[in-house]
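One structure is given below, encoded as structure tokens.
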Amino acid sequence: MRLLLLFAQGLLLLSFQTTFFGRMGFSAFQCQLWLVPVVYGALRWELNRALVLSFLLGYASDVFSGGVQGIGALSALGTAFGAYWMRKGLLLRSSLQLGMMAGPMCLLYQAFYLTLGYLVEGKAWIEDLVISRIILQPVVLAITAPVIVEGSQWVEGLGQSRFAKRRSE
Amino acid sequence: MWWRRHPTLWVILALVFIGFVIISSHRRDPGSLSLFERMVYAVTRPLQKGLTQAFLGIRDVWEEYVALVGVRRENKLLAQRIRELEAQLIQCRELQGSMERIQALLDFQASLKLPTVASQVIGEDSSGWFRTLIIDKGKRDGIERGMPVVTKEGLVGHVMESADFSAKVLLIIDRNSAVDVMLQQSRTKGVLEGIGRPDLCLLKYVPRSETVDVGELVITSGLGGVYPKGLVVGKVEKVWREGYGLFQKVDVRPQVDFRRLEEVLVVLKGEEMQEGSKQDTPPHKAKKGAR
């Protein structure tokens, strides 16, 4: 249930990202909003569930991308795996702390995406790796992510409370 | 057994395997859509459409109200009295603007003499690496992979994937796009390739011996069967003639403003065009074939 709800939140963020950001004319700010639930899942859940969520959302982002389908799914999988291993030793309690992790994870995702893109397509898009992708997008994502994490927590709580109600009945 | 003690390893292996199966199947048949992809399109279409409408509404309010904050402060009393009228005026302007755009699109549709479907742009590329659009018409409206997409200004691109109710369009400014074109006056042929910039494309394989004038119109040549002949693509911006080599390179500014695309026309292929396109490679590999 939690997985489905977070997946739905990711789809909503993906829709927002592909409509508002592009039309606002700030392509530099077109950061991967859907990555926040992926990072949230990896930092809060057990690994298996987090990996499935990351794969599904990554695949969903592929649907709206002009690239080869599957690259985003595998990149998101790698990112979730990385986030899961990084959480050890980190004190991640508040939404701010959880959200801030989305910034570096955005960089990790871009690195996976570039590498897989090069392996599959044989083309290096490194020429597109402008300063906005390296600095601006992770920073913007780190700033906006705490709000999205609040949403994720609310959505997750929604699933849990309904599940708990059903169990009590 | 050790493998029973590591279920996570199996999950990872399964997901990685599925990932590579997806990549492999997409490489083999780029236009085909899996059940999951169809589901994502179906679920997100109303979201994207609603968000796009909301954005257009907010943009209009921003342009019509917020930009006038300074003036309004000076004319507080007047502004309060006319606010209602202004709101109505905004709605009328939006309607008028829509009507004008649709009328222009219909005029162009009539002049094309080809069967077309009008469609609204509801989304853009999610990755930022490519130049693609999502439109709100799909297979149910007769839209298939490889169909050209145009506006009254000129060529936009072609359909690279079609779901039931939406489709993905590869723009001519994408790095993977290549269009067989010719210069209108000199009739010199070349290949127009995207470079990822919304305001510039590169015309390649123009022989050095040909004279290319700045400002000359670039139109589709009709070769390859993907794009009908004679569609306006752009204008020559700059000519690069190196000291050596067989060809010269030409910068072309597309006629279409890709940053403000709202409505497009998808040209439904006639029999002649379909016969031509069957011989082409899939549009995903456009750089190598779909011209």
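All of these numbers come straight from a predicted model, not from anything done at the bench. Below, read A as the first sequence line, B as the second, and so on, with proteins coming before strands; counting in each chain starts at 1.
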- Query: Strictly by modelled atom types, are B:Glu124 and A:Thr19 linked by a side-chain donor-acceptor pair under 3.5 Å?
  - Reply: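 On atom types as modelled, these side chains do not qualify, holding no pair under 3.5 Å.
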
In terms of heavy-atom proximity below 4.5 Å to chain B, should [X] be classed as side chain, backbone, both, or neither?
X	value
A:Leu33	neither
A:Leu11	both
A:Phe81	side chain
A:Ala60	both

- Is the count of non-hydrogen atoms from other residues, nucleotides or ligands lying under 6.0 Å from A:Met101 atom CE greater than 12?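 Enclosed.
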
- Is it the case that more than 12 heavy atoms not belonging to B:Lys139 sit under 6.0 Å from its NZ atom? yes

Can you measure from [atom1] ([X]) to [atom2] ([Y]) and round to the nearest 0.5 angstrom?
X	Y	atom1	atom2	value
A:Leu116	B:Phe20	CG	CZ	6.5 Å
A:Leu51	B:Thr8	CG	OG1	7.5 Å
A:Leu14	B:Leu47	CG	CG	10.0 Å
A:Ser15	B:Lys49	OG	NZ	14.0 Å

- Between A:Gly78, A:Gly70, A:Ala73, which has the largest tally of heavy atom pairs under 4.5 Å with chain B?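 Heavy-atom pairs under 4.5 Å are most numerous for A:Gly70.
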
- Task: Determine the interplanar angle of the A:Phe7 and B:Phe36 rings, folded into 0 to 90°, and report it as parallel if under 30°, tilted if 30 to 60°, perpendicular if over 60°.
- Result: tilted

- Which region of B:Val16, side chain (C-beta onward) or backbone (N, CA, C, O), has a non-hydrogen atom less than 4.5 Å from a non-hydrogen atom of chain A, or is it both or neither? both

- Note on the structure: When the 4.5 angstrom heavy-atom criterion is applied to B:Ile18 and chain A, the contacting part is both

- Task: Evaluate the side-chain proximity of A:Ser65 to B:Trp129: yes if any heavy-atom separation is below 4.5 Å, no if none is.
- Result: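 Side-chain contact under 4.5 Å: no.
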
- Backbone N or O of A:Val68 within a donor-acceptor pair of the B:His26 side chain at under 3.5 Å? no

- Please report the shortest heavy-atom distance between A:Thr18 and B:Gln48, naming the atom on each side.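 Heavy atoms only, the tightest pair is OG1-NE2, 2.8 Å.
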
- Heavy atoms of B:Ser34 and A:Tyr59 approach each other most closely as OG-OH, 2.9 Å

- Pick one: which of B:Met39, B:Arg38, B:Glu37, B:Lys168 meets side-chain contact (heavy atoms from CB on, under 4.5 Å) with A:Val63? B:Glu37

- Test log, rule side chain to side chain contact (heavy atoms under 4.5 Å, CB included), inputs A:Leu74 and B:Ile23: CA-CA 10 Å; A:Leu74 287 177; B:Ile23 290 173; 3.7 Å; yes

- Do you know which of B:Leu15, B:Thr44, B:Val11 has the most heavy-atom pairs with chain A at a distance under 4.5 angstrom?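 Between B:Leu15, B:Thr44, B:Val11, the count favours B:Leu15.
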
- Counting heavy-atom pairs under 4.5 Å with chain A, the top scorer among B:Leu133, B:Leu51, B:Thr132, B:Val40 is B:Leu51

